[in-house]
Amino acid sequence: MKIAVVGAAGMVGSRVLAEAARRGHDLLAILRTRRPAALPPGVGTAEADANDPERMATLFAGTDAVVAAARPAPGQEHTVGATTTALLDAAARAGTRVLVVGGAAPLRVPGGGLVLDDPRYVPPEYRAIAGASAAQLAVCRAHPAADWVYLSPPAVLEPGSRTGGYRRGTTTLLARPGGESRISAEDLAAAVVDELENPGADRHFTVGY
């Protein structure tokens, strides 16, 4: 597949590149600015602003899928909706599917309300970015034309090891019996590429251990 990764220098985007390269896919890393980040051999690069749908549509043309893994800078969480709309517009114009790597906030807690409103998973200091991810999913659902799928990671997503093993769910947070909800960024990347290679039926899904 030919896959474009937006936010390719970030924690998730860089690992999606590594996972997809490992499987032999044709990759384009889209970066906000050119930087000397180490990339897998053979990965193409392009400098572009995710908020520029015309530029993005040009880059997305001819791709089989786009992974939107960009994250706002601290204090810029309010920009997520507009950026997501621009990326969805570009993907629709290019006629390509887009997988949005979002947040856990719009998931439901087993037996309860939203993750967004549960302080066990969203302490006050993370409320802004959590709220942005809930708004981001709403933007996806409201878009009139884009072919999108939204991946909510579990409550804790951090660098770790690639095991290749994970559970897949839909709109309810996946947690272990003790309440821990987590996955490594490496295994999340494996789930992203699995979804691109073999799309599931759900437009909103989650993964976890």
Side-chain angles (χ1 to χ4, degrees), residues 1-35 37 39-73 76 78-103 106 132-153 188-205 207:
M1 297 175 66
K2 184 173 183 180
I3 303 168
V5 179
V6 182
M11 178 179 68
V12 171
S14 62
R15 286 162 175 80
V16 169
L17 281 179
E19 179 70 23
R22 178 175 169 271
R23 303 192 197 187
H25 294 294
D26 181 7
L27 298 166
L28 175 64
I30 301 177
L31 308 167
R32 186 176 294 117
T33 56
R34 294 199 182 277
R35 60 188 72 187
L39 296 172
V43 173
T45 61
E47 182 179 351
D49 183 345
N51 293 290
D52 182 348
E54 290 188 8
R55 168 71 170 148
M56 286 292 176
T58 299
L59 293 173
F60 295 168
T63 62
D64 298 297
V66 171
V67 177
R71 283 287 178 273
Q76 297 299 308
H78 63 281
T79 66
V80 167
T83 300
T84 302
T85 296
L87 289 171
L88 293 173
D89 287 347
R93 191 176 306 176
T96 192
R97 186 170 187 247
V98 58
L99 187 156
V100 179
V101 181
S133 70
Q136 184 182 43
L137 177 59
V139 165
C140 291
R141 287 175 169 159
H143 199 278
D147 180 9
W148 59 269
V149 60
Y150 189 94
L151 170 55
S152 282
L188 185 85
V192 167
V193 182
D194 285 347
E195 169 65 22
L196 297 183
E197 292 177 342
N198 296 289
D202 304 300
R203 296 196 91 179
H204 182 200
F205 73 102
V207 294

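Note that this is a predicted model, so its numbers are computed, not measured.
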Over all heavy atoms of both residues, which pair between [X] and [Y] is shortest? Give the atoms and the distance, please.
X	Y	value
Cys140	Trp148	O-NE1, 2.9 Å
Ala65	Thr96	N-OG1, 3.3 Å
Leu31	Ala9	CD2-N, 3.6 Å
Met56	Ala48	CE-CB, 3.8 Å
Arg93	Ala57	CD-CB, 3.8 Å
Pro106	Ser133	CD-OG, 3.8 Å

Gap between atom [atom2] of [Y] and atom [atom1] of [X] - 0.5 Å precision:
X	Y	atom1	atom2	result
Leu88	Asp147	CG	CG	10.5 Å
Arg141	Tyr150	CZ	OH	9.5 Å
Leu27	Met1	CG	CE	10.0 Å
Asn51	Thr85	CG	OG1	9.5 Å
Leu28	Thr63	CG	OG1	8.5 Å
Leu196	Asp64	CG	CG	9.5 Å

I'd like to know whether Ile30 forms a side-chain contact (heavy atoms from CB on, under 4.5 Å) with Val66, so could you lay out the CA-CA distance, the side-chain angles of the two residues, the decisive distance to 0.1 Å, and finally the verdict. CA-CA 10 Å; Ile30 301 177; Val66 171; over 6 Å; no
Any side-chain to backbone donor/acceptor pair from Arg97 onto Ala146? Under 3.5 Å, distance only.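 Such a contact is absent between Arg97 side chain and Ala146 backbone.
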List in chain and number order the residues that pass salt bridge (charged side-chain N to carboxylate O under 4.0 Å, His left out) with Arg23, two or more places apart in sequence or in another chain; answer none if no residue qualifies.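 Expected list: Glu19, Asp194, Glu197.
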I would like to know whether Val192 and Val67 meet side-chain contact (heavy atoms from CB on, under 4.5 Å); could you show each step before the answer? CA-CA 8 Å; Val192 167; Val67 177; 3.9 Å; yes
Decide yes or no for Glu54 and Asp52: does some side-chain heavy atom of the first lie under 4.5 Å from some side-chain heavy atom of the second?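 Heavy-atom side-chain distance check passes, below 4.5 Å.
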State, yes or no, whether a side-chain contact exists between Gln136 and Thr83 at a heavy-atom distance under 4.5 Å.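 When only atoms from C-beta onward are counted, Thr83 and Gln136 do not touch, as no gap falls below 4.5 Å.
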Please test Ser152 against His204 for side-chain hydrogen bond (donor to acceptor under 3.5 Å, both in side chains), starting from the C-alpha separation and ending with a verdict. CA-CA 7 Å; Ser152 282; His204 182 200; 2.9 Å; yes
Tell me, with the steps shown, if Asp89 and His143 meet side-chain contact (heavy atoms from CB on, under 4.5 Å). CA-CA 8 Å; Asp89 287 347; His143 199 278; 2.6 Å; yes
